[in-house]
Chemist: 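This is the structure, below, for whatever I ask next.
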Amino acid sequence: MSPLDELYREVILDHYRNPRHRGSLNGPHVHAEGLNPSCGDEFALDLSVEGDTITDVAIQGQGCSISQASGSMMADAIVGRNFDEVEDMIRKFRLMMTIDEGDNPVDPERPGAVLGDLEALQGVRKFPVRIKCADLAWTTLTDALAKARANA
Amino acid sequence: MTDLSALRSDFPILKRTFDGRELVYLDSAATTQKPVQVIEAVDAYYREKNANVHRGTYRLSAEATDAFEQARAKVASFIGSPKSEQLVFTRGATTALNFVAYGWGLHRLREGDRILLTVMEHHSNIVPWQMVAKLTGAELVYLGLDDDYRVDLTELDRVFDERVKIVAVSGMSNVTGARGPVAELVAAADGTNAIVVVDGAQLVPHDRVDVASMGADFLAFSAHKMLGPTGIGALWGKEERLEEMEPTEGGGEMISDVGLTESRWAPVPHKFEAGTPPIAQAVGFGAAVDYLDKIGMDTVRDHERELTAYALERLAEIPDLRVYGPRDVEGRGGAVSFELGDIHAHDIATILDDHGIAVRAGHHCAKPLMRHLHVPATARASFYIYNTPAEVDRLAEALLDARRVFGLA
């Protein structure tokens, strides 16, 4: 596969064209918004939380296929997870994208260490200027999670 | 077609390759590449003439001053200015427009006055006016676009009344390529109290401009969009307007006398050039207009028009591709904005980059225009003297590949 085809894998294009969990939540929830000022991509996130578990999620946003697919896959992956697992997932994702160095390793046995579909985003690493696109949803999630923890 | 391909050897950067593919540079509306004549003029200035200007009594400083003022004369003459003193060197078109907004507008606008703009303006010809409107109580009014992406003048009579004190219009859109209705707005302002400010950042590099026949009060442009260095541009003004305009920056070089509480300004243009100016950049700017003069601006315009016509023809062959700009090359320049199917502009730019083709993607510093067009972002190819039909062909091929990658083929 060429780097380009690896970047735009079918699963990414599918999430871009058919984003999961799109919309907003009605009940009590935390809300966070992210923006890449350099390219104008926007992403917003509603999390509904019970105890320390994310019970529902809704996403909004507009932008390139990488930023929007990353958000859609992330939404799929975090429903039903607890805060610690989601934090593991954020770390694992950022390790995969080479945003973070390996000074905070994630135990591969922990549930949050399984990225599943999200591994399709590995192709972004060969396009360094697009890593910030893939990361937009995750910085927004980090923000939302901090709010959720503060509320808990 | 006007063949300027022999010029390409003057541009060292065009020899660069990415993954073995020769660079196709289609982002000249953002900044142009530099010919060796400009690079060497800057280099020679630093090697042989570098000193501060306008104050040294030694010969080297006199040579630097001569080089700087000769550059002013060249740039002034390039746009048909009756006098070189009417040409103020600035940091670029943005600074030039801010000088007019803060130096002229701020001191003359009153509550209820109007500033007339068009929705196709670049942020640099919107934001300074918003800032000054906020300080003065003036309001902004806008002309919209017609179906062919040209400024719609049918509303002109309704919006143009005695409240309009400033008309600020782009000579050419950096997004759609459409020419602004400068002549029509100058005619509308004639006999009123309104002045006309032309953002020439995309116009001056691409067509012959003669400020005397244009009739505008101010014209702003940037060197780096016309083969020159970054960090320098120019504000041209009518003599009486420049006399009326207050300096926006104070400091050295711009005064004739400084007391403890008050100072007197140096004559135009120096009262607008506080601090040490970008001297080497001015010399490079002069070399850039020499280069363009040698080709001839009519040839520059014709080449670009033919290349744009060819690009519009090739792009029309690509399914699901929508061009946001005038269909006819008359009255438009070589900036071509487009969307392709449901592929986001940034994805198009990444795929084209993979093919070695540099285009811009995003809102192009024209968010009001993007909202007017109901698009979040477009991809934009823009052409200059060194671009060729073969490069347009490579653009078309790469766009077909984008369709394949996104499963549209």
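All values below were derived from every heavy atom in this structure, side-chain atoms included, with hydrogens, water molecules and symmetry-related copies excluded. Here is how names work: the chains are called A, B, and so on, in the same order as the sequence lines, proteins then strands, and each is numbered from 1.
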Chemist: Check each atom of A/I12 against the heavy atoms of chain B and say whether the ones under 4.5 Å are side chain, backbone, both or neither.
Modeler: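 Neither part; nothing is under 4.5 Å.
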
Chemist: Regarding B/S382 and B/S28, is there a side-chain donor-to-acceptor distance under 3.5 Å anywhere?
Modeler: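 No, because no side-chain N or O of B/S382 sits under 3.5 Å from a partner of the opposite role on B/S28.
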
Chemist: Check whether more than 12 heavy atoms from other residues, nucleotides or ligands sit under 6.0 Å from atom CG of A/N18, and answer yes or no.
Modeler: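 Yes, the 6.0 Å shell around CG holds more than 12 heavy atoms from other groups.
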
Chemist: Find the one option among A/P3, A/S2, A/G63 whose heavy-atom pairs under 4.5 Å with chain B are most numerous.
Modeler: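 So the answer, after comparing A/P3, A/S2, A/G63, is A/G63.
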
Chemist: Is B/D353 in contact with chain A via its backbone, its side chain, both, or neither, using a 4.5 Å heavy-atom distance?
Modeler: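 No part of B/D353 comes within 4.5 Å of chain A.
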
Chemist: With side-chain hydrogen bond (donor to acceptor under 3.5 Å, both in side chains) as the criterion, how do B/H224 and B/T32 come out once you've worked through the C-alpha distance, each side chain's angles and the decisive distance to 0.1 Å?
Modeler: CA-CA 6 Å; B/H224 74 96; B/T32 59; over 6 Å; no

Chemist: For the interface with chain B, which of A/Q62, A/R17, A/E10 has the highest count of heavy-atom pairs at distances below 4.5 Å?
Modeler: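 Top option by heavy-atom pairs under 4.5 Å: A/R17.
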
Chemist: With chain B as the partner chain, list the residues of residues 37-47 of chain A whose heavy atoms fall under 4.5 Å from it, by residue number, and write 'none' if nothing qualifies.
Modeler: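 The list, in residue order, reads A/C39, A/D41.
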
Chemist: Can a side-chain donor-acceptor contact be found between B/T118 and B/E121 if the only test is distance below 3.5 angstrom?
Modeler: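 There is such a pair between these side chains.
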
Chemist: Of the listed residues (B/D354, B/I343, B/I351, B/D347), which shares the most heavy-atom pairs with chain A below a 4.5 Å separation?
Modeler: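 Max contact count across the listed options: B/D347.
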
Chemist: Could you check whether B/Y386 and B/Q33, counting side-chain N and O atoms only, form a donor-acceptor pair closer than 3.5 Å?
Modeler: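 Absent: no donor and acceptor within the cut-off.
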
Chemist: Can you find a side-chain donor-acceptor pair between A/H21 and A/S72 that sits under 3.5 Å?
Modeler: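 Absent: no donor and acceptor within the cut-off.
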
Chemist: Would B/Y310 and B/D393 count as a side-chain hydrogen bond (donor to acceptor under 3.5 Å, both in side chains) here? Give the steps.
Modeler: CA-CA 9 Å; B/Y310 182 61; B/D393 291 337; 2.5 Å; yes

Chemist: Indicate the atoms forming the closest heavy-atom contact of B/P229 with B/Q281, along with that distance.
Modeler: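 The answer is CG-O, 3.5 Å.
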
